[in-house]
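First the structure, in the form of structure tokens, and then the observations on it.
Order of appearance sets the numbers: ligands from 1, and atoms from 1 within every ligand.
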Amino acid sequence: MKKKVLITGAAGFLGSHLCDRFLAEGFSVIGMDNFITGDPKNIKQLKDHPDFEFIEHDVTKHITIEGELHYILHFASPASPIDYLKIPIQTLKVGSLGTHNLLGLAKAKNARLLIASTSEVYGDPLVHPQTEDYYGNVNTIGPRGVYDEAKRFQESITMAYHRFHGVETRIVRIFNTYGPRMRLNDGRVIPAFMGQALRGEDLTVFGDGSQTRSFCYVDDQVEGIFKLLFSDYVYPVNIGNPNEISISDFAEEIIKLTNTDQKVIYKDLPVNDPMQRKPDITLARKLLQWEPKVQRAEGMKKTYDYFKGLSRDELYKSEHRDFSKHIKT
Ligand code: NAD
Ligand code: UDP
């Protein structure tokens with residue numbers, strides 16, 4: 001009998017890659033998603049796979065799964081700052097109520113649950129690079145607080161279920177990850193710059209562009225998550241690529257990669273936008289014998305090839321997603 005894994009957020013960027021990986025490893029996979037920020041197209045390759053089942057469901061509502069379940073990966077959540085600014089309450093609910101439901105399911109099924117946490121738990125960090133023992137610097141009531149605090153609560157309730165109920169849990173703190181299947185109009189910097197380059201628009205750098213990020217290619221991220229799930233370690237682990245770059249240098253890099261002669265234009269920096277971000281991955285190296293392998297030049301080329309392959313309609317339907325059908329008044 002194949003081991004069964006439930007992956008929430010399956011129609012999203014990371015969730016869909018995780019579905020592919022677990023199926024390739026010989027698991028039976030149930031994907032769950034309500035498509036609020038995801039896209040059915042991301043899992044269309046799995047439609048006829050004999051070991052894949054899809055359930056359209058909002059994880060903030062009670063979750064029922066028939067039969068045995070061995071592993072759960074909770075990846076459902078808006079992940080782009082523009083998404084979670086537009087759907088703040090759904091973001092808070094999926095990190096809190098959704099996680100509570102999945103912990104209850106894990107307890108009932110005796111399944112191991114891995115939750116997708118984030119570098120955002122460190123907020124605008126005062127420690128650089130960020131180590132797992134840093135408590136963070138988050139503005140609870142700022143616009144990003146809905147995401148950051150939902151994820152911090154998610155970590156706390158996960159540890160509480162582990163300590164109080166003995167549920168087997170794992171916590172990955174994911175740093176900016178990119179690759180094929182990101183939504184072109186989700187507002188995150190890589191799809192934003194690539195979309196702009198492909199449409200012949202200027203690249204919009206927010207602030208003076210001196211803020212930094214460290215970008216991890218999706219295959220490396222999935223490998224780190226896979227190894228963490230099967231490790232014995234219950235505390236949070238950073239998974240990301242420590243190769244740090246300023247956003248203005250990154251814009252120049254994208255102009256070179258896309259071989260366009262776009263200009264960079266500067267716009268206001270969003271409130272509470274973290275000024276620096278770089279994972280300390282000493283723990284992951286030691287614990288999981290994991291480190292990223294894909295250089296940014298290679299990962300960005302693959303990502304650009306993906307965006308280049310989108311239809312003209314997709315490329316020009318660049319306005320941000322309308323969430324109104326998901327929002328009940
Ligand atoms: P994404 O928006 O592409 O995917 C999220 C998926 O979750 C979407 O398919 C969406 O429809 C689904 N979803 C949201 N709310 C739901 C709900 N209530 N019920 C069911 N499905 C729901 O984002 P992503 O980049 O793939 O991120 C996946 C996870 O990884 C998120 O939890 C995110 O916080 C975390 N993460 C991602 C990054 C990154 O760089 N990609 C960084 C840190 C953390
Ligand atoms: N950013 C930018 N131009 C854009 C989109 C984003 O300069 O069109 C900046 C943003 O202000 C942030 C960085 O790029 O400093 C990364 O933003 P993203 O939304 O990808 O993720 P974050 O790391 O902030 O969650």
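Lys4 has no carboxylate O lying under 4.0 Å from a charged side-chain N of Asp51, or vice versa, which leaves the two without a salt bridge. A salt bridge does not link Lys302 to Asp305: none of the charged nitrogens lies less than 4.0 Å from a carboxylate oxygen. Between Glu68 and Lys109, none of the side-chain N atoms (NZ, or NE/NH1/NH2) sits under 4.0 Å from a carboxylate O, so this pair counts as no salt bridge.
Within the structure, ring-ring contact (aromatic ring centres under 6.0 Å, His included) contacts touching residues 58-80 (residues at least two apart or in different chains) are Tyr71-Phe230.
The nearest heavy-atom contact from the protein to atom 38 (C) of ligand 1 is Ile174 CG2, 3.7 Å. Protein heavy atom in closest approach to atom 4 (O) of ligand 1: Gly12 CA, 3.3 Å. Atom 9 (O) of ligand 1 has as its closest protein heavy atom Asp33 OD2, 2.6 Å. Closest protein heavy atom to atom 3 (O) of ligand 1: Phe13 N, 2.9 Å. Regarding atom 13 (N) of ligand 1, its nearest protein heavy-atom neighbour is Asn34 OD1, 3.5 Å. For atom 29 (C) of ligand 1, the nearest non-hydrogen atom of the protein is Phe75 O, 3.1 Å. Here the protein heavy atom with the shortest distance to atom 6 (C) of ligand 1 is Gly9 CA, 3.6 Å.
Put simply, part of Ala11 is less than 4.0 Å from ligand 1, judged by heavy atoms. Under a 4.0 angstrom heavy-atom cut-off, Ser117 registers as being in contact with ligand 1. Under the 4.0 angstrom criterion for non-hydrogen atoms, Met182 is not in contact with ligand 1. At a 4.0 Å cut-off, at least one heavy atom of Ile36 sits close enough to ligand 1 to count as contact.
When each atom of ligand 1 is checked for a heavy atom of Asp58 under 4.0 Å away, the hits are 17 (C), 18 (N), 19 (N). Distances below 4.0 Å separate heavy atoms of Arg188 from the following atoms of ligand 1: 23 (O), 24 (P), 25 (O), 39 (C), 40 (O), 41 (N). If you number the atoms of ligand 1 from 1 as listed, the ones under 4.0 Å from a heavy atom of Gly38 come out as 8 (C), 9 (O), 10 (C), 11 (O). When each atom of ligand 1 is checked for a heavy atom of Asn176 under 4.0 Å away, the hits are 40 (O). Within the listing of ligand 1, atoms 23 (O), 24 (P), 25 (O), 27 (O), 33 (C) sit less than 4.0 angstrom from a heavy atom of Ala79. Taking a cut-off of under 4.0 Å to the non-hydrogen atoms of His57, the atoms of ligand 1 that pass are 19 (N), 20 (C).
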request  = Verify side-chain contact (heavy atoms from CB on, under 4.5 Å) between Leu105 and Leu69, making sure each step is shown before the conclusion.
outcome  = CA-CA 9 Å; Leu105 181 67; Leu69 188 62; 3.8 Å; yes

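The local environment of NZ in Lys227 is crowded, with over 12 non-hydrogen atoms from other residues, nucleotides or ligands closer than 6.0 Å. More than 12 heavy-atom neighbours from other residues, nucleotides or ligands sit within 6.0 angstrom of NZ on Lys41. Within a 6.0 Å sphere centred on CD of Glu25, other residues, nucleotides and ligands contribute more than 12 heavy atoms.
Around ligand 2, the residues contributing at least one heavy atom under 4.0 Å from the ligand are Pro81, Glu120, Arg144, Asn176, Gly187, Arg188, Val189, Ala192, Phe193, Thr204, Val205, Phe206, Gln211, Arg213, Ile247, Pro270, Asp273, Arg277.
Side-chain N/O atoms of Gln196 and Thr204 include a donor and acceptor closer than 3.5 Å. Residues Tyr122 and Arg277 bring no donor and acceptor atom of their side chains to less than 3.5 Å of each other.
For Lys151, every heavy-atom contact with ligand 1 shorter than 4.0 Å involves the side chain, none the backbone. Looking at Tyr147 against ligand 1, only its side chain comes within 4.0 Å, counting heavy atoms. Heavy atoms of Phe35 found under 4.0 angstrom from ligand 1 belong exclusively to the backbone.
By heavy-atom distance, the residue among Val218, Thr37, Leu14 lying nearest atom 26 (O) of ligand 1 is Leu14.
Ring geometry, Tyr178 versus Phe215: the interplanar angle exceeds 60°, so the pair is classed perpendicular (tilted spans 30 to 60°).
Close N/O approach between Thr177 and ligand 1 is found [any backbone or side-chain N/O within under 3.5 Å].
One finds the OG1 atom of Thr169 at 9.0 Å from the CG atom of Leu114 (value rounded to the nearest 0.5 Å).
Separation of the Phe35 and Phe54 ring centroids falls under the 6.0 Å cut-off.
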